[in-house]
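For reference, the structure discussed in these notes is given below.
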Amino acid sequence: MPTSFLNLAKLCDKLEKISKTKEKIALLSNFLTSLNPYEIEPAVFLIIGTPFAESDSQTLDISWRSILETNYTAKQTTLFNQPLTIRAVHEYFSKLAQISGSGARKKRKRLLEMLFRESSPLERKFLVRMILGEMRHGVAKGLMIKAIAEAAHLDYSLIKRLSAIYGNIGEIARLALVGGEEGLSKIEVAPFTPIKPMLAENLDSLDELFKKPVSPMAIEYKYDGVRVQIHKKADKVHIYSRRLKDITSSFPEIADLIKKTIPNHSCILDGEIIAIRRNDQRPLPFQELMRRFKRIHEVQRLRQEIPVQLYLFDILLLDDKILFDYPYQERWNILATICKGLTLAYRIISSEKEEITRFYQAALAAGHEGILLKKLNSPYSPGERKKEWLKLKEAIHADLVIIAADWGSGRRTGWLSNYHLAALDPLKGTFHEVGKTFKGLTDEEFQDMTANLQKIKTYETQYTVYVKPQIVVEVAFNEIQKSPQYPAGYALRFARIKRIRLDKDPSEVTSLDEIAYLYERQFEKKARI
DNA sequence: GTATTAATGGATC
DNA sequence: TTCAGACAGATTCGG
DNA sequence: CCGAATCTGTCTGAAGATCCATTAATAC
């Protein structure tokens, strides 16, 4: 008997109502065990709200706007009295992903309406969440991995490792449940199967680090570009993104370079690609790099206009040897030997605070994002964020005034949780929006802020409350970008609230001139466009 | 009927 | 990308 | 020494700016 989609929707409903992770895992594990083998893969993807595998390039091309335009309140008309099955829903998603060309949006909406007509209100609720990728039931890939391990009576660490080296959690689940450890043995590290890159944890300051004794570490420049994993075998080279997408066509010269420079080895390399200015090789802002990313038209022209530079910093596979468990320093040595003629990340080895500080300042002065600090003996842990790798970035601070706020959703329903931030034009005494943020406040502070903002409301629309410019907040951010979206022409990257400044008057907030000055100063380091 | 512009979705950070 | 909150397990504290 | 309090690691879900491609809509 095929499993009905209603059963899966009921499971999601239950998951949403409980908060204990152990209970969630038990529910999931039981559900997975009850499935037919052919249902495991689609069920896993549907439950975690990602219709396709990470390494799969398929997309639904549907978001909330299209859903709103779809008649999803239509009464259920169960065709032929056949209830929706898990497999049927997944097939709908596959069909939706395949629609393209003229009339695609209409076709997609029609197909979506068909799906909605076959579904009950509960099913519809979770179908919508699956399409949006926001399940809100507290189960994402992390807990799914635990549930798969429990259902298959296998080690959590085994499943976790496999999911880090193979971007198809659904297939992993099927293999685990059907074939056990033996079934999973066919998954292995090999060129052209992208691996989740190891990540670094945030470090607030060097003072923080030096509270405890520090043994020598590798300190690398942190480049502001895109993380790339380069796979090579024979004369084939592919480049993958941090989320396992094939991005080879965005950077053909990098693929050629690798082909030429490493003719005699198979390998998997880890690095960062940044945009640089042609004449002096200085880094260009991230925005410029994005103009080359996923580009199809005018590739050649942009290749001339925005050259890129690859910085390598790790090697995960050399010929038939998996290097995850080699210590960092040994991997680096191998990398340096193999990649003669390529550029490695600039680095020093040090345990001296002063020396590291100088190196950090040098990285910033050269227009880079900061530094990474890596333990010399650290193994490469695919997909994990570990204390063995730390990142340190410079934050810029500014006082800005809240001029409006959007109503939150999900767990922030009923709170004004997303604040429009503005800088001051001192001549005119007017405020100009330079970005938004929803980060930095506690739940309690959100509640207070909601009440306070409503007291100074000037007018409101469906999603936004506009207020008198009165509440000043200190905001931290990573960078100022040229903005096509805001009239002021600038926008803050990764703005977050540090504290609410009840002591400050709106007339004292950062001026637009200061924002412009900070922007220009960035580009004394980076290249000016 | 063709060229330009707007809307939408998905990717990076 | 950043951040806070929830949970689970480990470690430390107080009597 | 034991239960309680605190710390640590992991996972989840809030939502931002900007770029590109695709598709739809509008202008001529």
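Since this is a predicted model, take the numbers as computed values, not measurements. Sequence lines set the chain letters: A, B, ... in the order given, protein chains first and strands last, and positions in each chain run from 1.
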For A/Leu60, which contact category applies under a 4.0 Å heavy-atom criterion: base, sugar-phosphate, or nothing? sugar-phosphate

If you find the nucleotide of DNA chain D closest to A/Ile99 and the one closest to A/Met290, which residue's nucleotide is nearer the 5' end? A/Met290

Would the number of heavy atoms belonging to other residues, nucleotides or ligands and lying under 6.0 Å from NZ of A/Lys391 be above 12? yes

I want to confirm an ordering. Mapping A/Ile497 and A/Arg242 to their closest nucleotides on DNA chain C, which one lands closer to the 5' end? A/Arg242

Nucleotide nearest A/Ser409 (side chain, heavy atoms from C-beta), chosen from D/dA15, B/dT12, D/dT10: D/dA15

Among the nucleotides D/dA17, B/dG10, C/dG5, whichever has the atom closest to the side chain of A/Ser63 is B/dG10

For A/Tyr346, does the OH atom have more than 12 heavy-atom neighbours from other residues, nucleotides or ligands under 6.0 Å away? no

Could you say whether A/Arg385 or A/Gly440 is positioned toward the 5' end of DNA chain C, judged by the nucleotide with the nearest heavy atom to each? A/Arg385

Need one value for A/Phe494: base, sugar-phosphate or nothing, where a base atom within 4.0 Å counts as base even if backbone is also close, heavy atoms only. base

Looking across every strand, which nucleic acid part, if any, lies under 4.0 Å from A/Thr442 by heavy atom: base, sugar-phosphate, or nothing? sugar-phosphate

Considering only heavy side-chain atoms of A/Arg411, the closest of C/dG5, B/dC13, B/dG10 is C/dG5

Please classify the nucleic acid contact of A/Phe446 as base, sugar-phosphate, or nothing, using heavy-atom distances under 4.0 Å. nothing

Establish, yes or no, whether a centroid distance under 6.0 Å links the rings of A/His231 and A/Tyr240. yes

If the cut-off is 4.0 Å, is A/Asn478 near the phosphate of C/dT1, judged by side-chain N/O to OP1 or OP2? no

What class does the angle between the rings of A/His368 and A/Tyr221 fall in, given that below 30° is parallel, 30 to 60° is tilted and above 60° is perpendicular? tilted

Rounded distance in Å - CZ (A/Arg412) to P (C/dA4): 10 Å

Describe the nucleic acid contact of A/Lys498 in one word from base, sugar-phosphate, nothing, applying a heavy-atom distance below 4.0 Å. sugar-phosphate

Which listed nucleotide (D/dT18, B/dT12, D/dC11) is nearest to the side chain of A/Phe293? B/dT12

Looking at every strand, decide which applies to A/Glu69 at a 4.0 Å heavy-atom threshold: base, sugar-phosphate, or nothing. sugar-phosphate

Between A/Glu474 and the options A/Arg499, A/Arg496, A/Lys498, the salt bridge (charged side-chain N to carboxylate O under 4.0 Å, His left out) test singles out A/Arg499

Using a heavy-atom cut-off of under 4.0 Å over every strand shown, decide if A/Arg243 touches base, sugar-phosphate, or nothing. base

What nucleic acid atoms does A/Arg105 come within less than 4.0 Å of, heavy atoms only: base, sugar-phosphate, or nothing? base

Classify A/Ile247 by what it touches in the nucleic acid, base, sugar-phosphate, or nothing, heavy-atom distance under 4.0 Å. nothing

Using a heavy-atom cut-off of 4.0 Å across all strands, would you classify A/Lys386 as base, sugar-phosphate, or nothing? nothing

Which is true for A/Lys393 with a 4.0 Å heavy-atom rule: it touches a base, it touches only sugar-phosphate, or it touches nothing? sugar-phosphate

Does a side-chain N or O from A/Arg65 land closer than 4.0 Å to OP1 or OP2 of B/dA7, or not? no

Is any side-chain nitrogen or oxygen of A/Ser241 closer than 4.0 Å to OP1 or OP2 of B/dT12? yes

Most 5' of A/Lys387 and A/Gly103 on DNA chain D, judged by nearest nucleotide: A/Lys387

Which nucleotide, D/dC19, C/dC3, D/dA15, lies nearest any side-chain atom of A/Phe438? D/dA15

Ignoring the backbone of A/Phe286, work out which of B/dT12, D/dC11, D/dA14 is nearest its side chain. B/dT12

Do the non-hydrogen side-chain atoms of A/Leu127 and A/Tyr92 ever get within less than 4.5 Å of each other? no

Nucleotide nearest A/Lys160 (side chain, heavy atoms from C-beta), chosen from B/dC13, D/dC11, D/dA17: D/dC11

Assign A/His137 to base, sugar-phosphate, or nothing according to its heavy-atom contacts below 4.0 angstrom with the strands shown. sugar-phosphate

On the nucleotide D/dA17, are OP1 or OP2 found under 4.0 Å from the side-chain N or O atoms that A/Gln287 carries? no

